[in-house]
Amino acid sequence: MPSAPASPGPGPDEDPRLDEVPGLDEDEPPGPDEEYDDPEHPAMPWDLDVAAIWAETGELAAADAADAENLARRGYLAALAAADAGLRGRRGPGQPGSARRLPGCSGSPAGGFGTGQSLDVAPGGSALLGFAERVADDEGLLGAATDDEIVGLICALDRAEASACALKHAAAAELIRRRPAPGCPLEGEARMPEGWEEFTGNEVRWALAETRNAADAMLDLAYALEVRLPGTREAFRTGVLRRSKAEIIARATDLLDPAEARAAEALVLDRAGRLTPGGLRAAIARAVIEVAPEKARKRREDAARDARVERWPEDSGNAALVGRELPPAEVLAADQRITWWARQLKAAGLEGSMDELRARAFLDLLLDTDSRPATPNGLAAERRGAGFTGRNHLTVPLATLLELADRPGEIPGLGPVDPWLARDLARASAASPKTTWCLTVTDDQGHAIGHGCARPEPRKHSGRRADQRGIGPPGGHDPPGGPGFTFAPADADGPPGGYGSWRFTTGIRGQPALLVAIDPIAIDTCDHRFAAAGHDPGVKLRHLSQVRHALCTGPMCRRPSARADFEHNTPYDQGGRSCLCNGGPKCRHEHRLKQDPRFKVEQPTPGTFRWTTPAGRQYTTEPTRYPI
């Protein structure tokens, strides 16, 4: 099951129905104190009065006129003023800056950031960042600022941050121009290709250590701003919109042609800066439907074919499960059913907030369980457990499993877990006789250097067990809440050059003891003991390569190696071995990328992969680091 986090989209931000509440109508004409610009009729050019800014911040009075820094700043701002001629001031309550510029000067060191003052209405950019840094980096200046000026400083830095981010996307657009897809010439006013080379996103992703989705999203936004959304691009560059809001507009209009996209953005840009993300999402969705209703309907119908359920780890150590692109009517019905069952749980005496009860109800309905503590007649309610069968690759440190230490474990597809949860999950899965067990030995860096999978102990050893439960933990008592695990050397020797043979028991009555023979994994050198005679790797070779690299060996790729190809670094038909020293797991995307002649992949040691991009940058993938 895919375990990637959900892509950005609607969330529990605001109820779109708030738009229908009187007084919150986004299309309501502005009042006398809500003056904002009409994107169809730009305001008159706005001049940045450098002398006034310095006077307002109180710096001219305290600085020597011959001070080199002041002179440099004055010249820099004068250049900015010339470059910014024609830009609009910040408008609208809630947008960066205030509705109008106020006259007068402030004696405060941060006075320029006060309501309506010059720096409060200045566009984002390096000059504004310079003034903000001057105040924010000086504890004396920052401490002397008023609350109003601190809020103005926050807004100014937000605009400067957005402006820098807009420049980053402009640079990404230039990379697109240099990586046009075959048959896609540069065209139009923006001189952009209709498409770009498939692996351009990898260059960005590796350079920024980002996910593939994030890198592709950056390129998509850069393209949209250049080709379809010039108004959004300007608002982004001057700091009226931060990146998250520019992305909302770009995603909503991606089904439109350039003319339609411009028409849709024009319907929201006058107030986009002061709308919350949820409010902007609703406003631009409404605008898209107004401009191209048939296209909006078709997108919804097409997206329904991408219906899916996703899971991902929460930062807290818990997990998330969500359905995407589901039929709206059925989602509403399911939501009502979850609420109904949550109320039944509450009526039966289960404690918790409604959010907690709805979460419990959600799992009850999915797993066919009943979390009510008692039935209405007072009898205990039957609750069917939601057990599971697992392949336990013991990335839980053995000392944690045996309760000799409290070190973190890891669940494939979910990530790190605390030691108590690791033990609970191991015990829960041990209850199923179908659960299988594997063990990995690591070096002091957490790299896998040995691995083995358990098999039932032969019958000739059955007399060693005192009873049907197997050998329990030291002292003869199970740990509270579940079985006891034991791990000890076995009589038999392990594989040559390996790490011995070991005996493992779960402490579950009726389950036999297990033997684990631990084979070595090639990290620095390789003796080719697991090399396959032909092209396809054997079962053990494939498995050990997946243990050495639990994820795809592409830089920053997070796809589990169990869902990846075993790929030869030197192709088999060019003399490459099917061996740990000449291969490893690559997802299908990275497999195809490796075959692109502009990219180069080397395997300088059995466990290391070095990738070189068309730009000449290099990225190295090391073996997975397991908990130690």
Side-chain angles (χ1 to χ4, degrees), residues 8-9 36-40 42-43 46 48 80 83-92 94-97 119-129 132 154-177 188-192 204 208 210 214-254 256 258 260-281 283-285 287-288:
Y36 53 74
D37 289 327
D38 182 346
E40 303 275 341
W46 172 63
L48 189 62
L80 177 71
D84 279 340
L87 290 179
R88 304 166 211 163
R90 311 286 66 77
R91 298 290 186 179
Q95 283 187 240
L119 296 179
D120 189 44
V121 298
S126 57
L128 183 62
L129 178 60
I154 292 171
C155 292
L157 287 166
D158 187 69
R159 297 197 299 281
E161 178 184 16
S163 181
C165 189
L167 290 177
K168 179 176 69 173
H169 284 77
E174 178 60 26
L175 184 62
I176 289 174
R177 293 186 183 97
E189 183 179 346
R191 302 300 297 158
M192 293 286 283
V204 175
L208 298 179
E210 261 293 2
D216 288 343
M218 179 189 294
L219 295 177
D220 289 341
L221 179 57
Y223 183 85
L225 294 172
E226 293 292 320
V227 175
R228 301 197 319 268
L229 300 168
T232 302
R233 181 184 61 194
E234 179 189 346
F236 191 16
R237 176 69 179 86
T238 57
V240 173
L241 298 179
R242 64 179 67 92
R243 188 200 68 195
S244 59
K245 293 187 177 181
E247 285 178 329
I248 289 172
I249 296 174
R251 283 199 304 268
T253 58
D254 64 0
L256 306 178
E260 293 169 334
R262 292 186 180 98
E265 74 170 354
L267 294 174
V268 301
L269 275 183
D270 59 349
R271 62 196 189 282
R274 72 175 187 272
L275 292 176
T276 63
L280 177 58
R281 191 175 291 115
I284 189 63
V288 168

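We use all heavy atoms of the structure for the numbers below, so side chains are in, but hydrogens, waters and symmetry mates are not. The chain is numbered in sequence order, starting from 1. Treat the numbers as computed from the prediction; the structure is a model and nothing was measured.
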Show, in sequence, the C-alpha distance, side-chain angles and deciding distance for Val240 and Glu234, and conclude whether the side-chain contact (heavy atoms from CB on, under 4.5 Å) test is met. CA-CA 8 Å; Val240 173; Glu234 179 189 346; over 6 Å; no
Can you tell me how far apart CG (Asp216) and CD (Glu210) are? Round to the nearest 0.5 Å.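 Rounded to the nearest 0.5 Å, the CG-CD separation comes to 11.0 Å.
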Rounded at 0.5 Å granularity, tell me how far CG in Leu241 sits from SG in Cys165.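 Answer for the CG-SG pair, Leu241 versus Cys165, is 11.5 Å.
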Residues two or more places apart in sequence or in another chain: which of them pass salt bridge (charged side-chain N to carboxylate O under 4.0 Å, His left out) with Arg233?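 Partners of Arg233 by the salt bridge (charged side-chain N to carboxylate O under 4.0 Å, His left out) criterion, ordered by chain and then number, come out as Glu226.
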Contacts of type salt bridge (charged side-chain N to carboxylate O under 4.0 Å, His left out), residue Arg243, not counting sequence neighbours: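 Glu247.
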Below 4.0 angstrom, N of the basic side chain to O of the carboxylate: do Glu265 and Arg262 qualify?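 No, Glu265 and Arg262 are not salt-bridged.
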Pick from Ile249, Ile248, Thr253: which one makes a side-chain contact (heavy atoms from CB on, under 4.5 Å) with Arg251?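 Answer to the side-chain contact (heavy atoms from CB on, under 4.5 Å) test with Arg251 among Ile249, Ile248, Thr253: Ile248.
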Report the residue from Leu129, Leu128, Leu119 that forms a side-chain contact (heavy atoms from CB on, under 4.5 Å) with Arg159.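 By the side-chain contact (heavy atoms from CB on, under 4.5 Å) criterion, Arg159 pairs with just one of Leu129, Leu128, Leu119: Leu128.
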Provide the closest heavy-atom pair for [X] versus [Y] in the form atom of the first, atom of the second, distance.
X      : Y      : result
Gly239 : Ala162 : CA-CB, 3.9 Å
Ile284 : Ala264 : CD1-O, 3.9 Å
Ala287 : Leu267 : CB-CD1, 3.8 Å
Arg191 : Arg177 : O-NE, 3.1 Å

Where the side chain of [X] meets the backbone of [Y], is there a donor-acceptor pair that is under 3.5 Å apart?
X      : Y      : result
Thr232 : Ala246 : no
Lys245 : Thr276 : no
Arg228 : Ala250 : yes

So do the side chains of Met218 and Val204 get within less than 4.5 Å of each other, counting heavy atoms only?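 Met218 vs Val204: side chains touch.
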Is there side-chain contact between His169 and Phe236, with at least one heavy-atom pair below 4.5 Å?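 Answer yes - side chains close enough.
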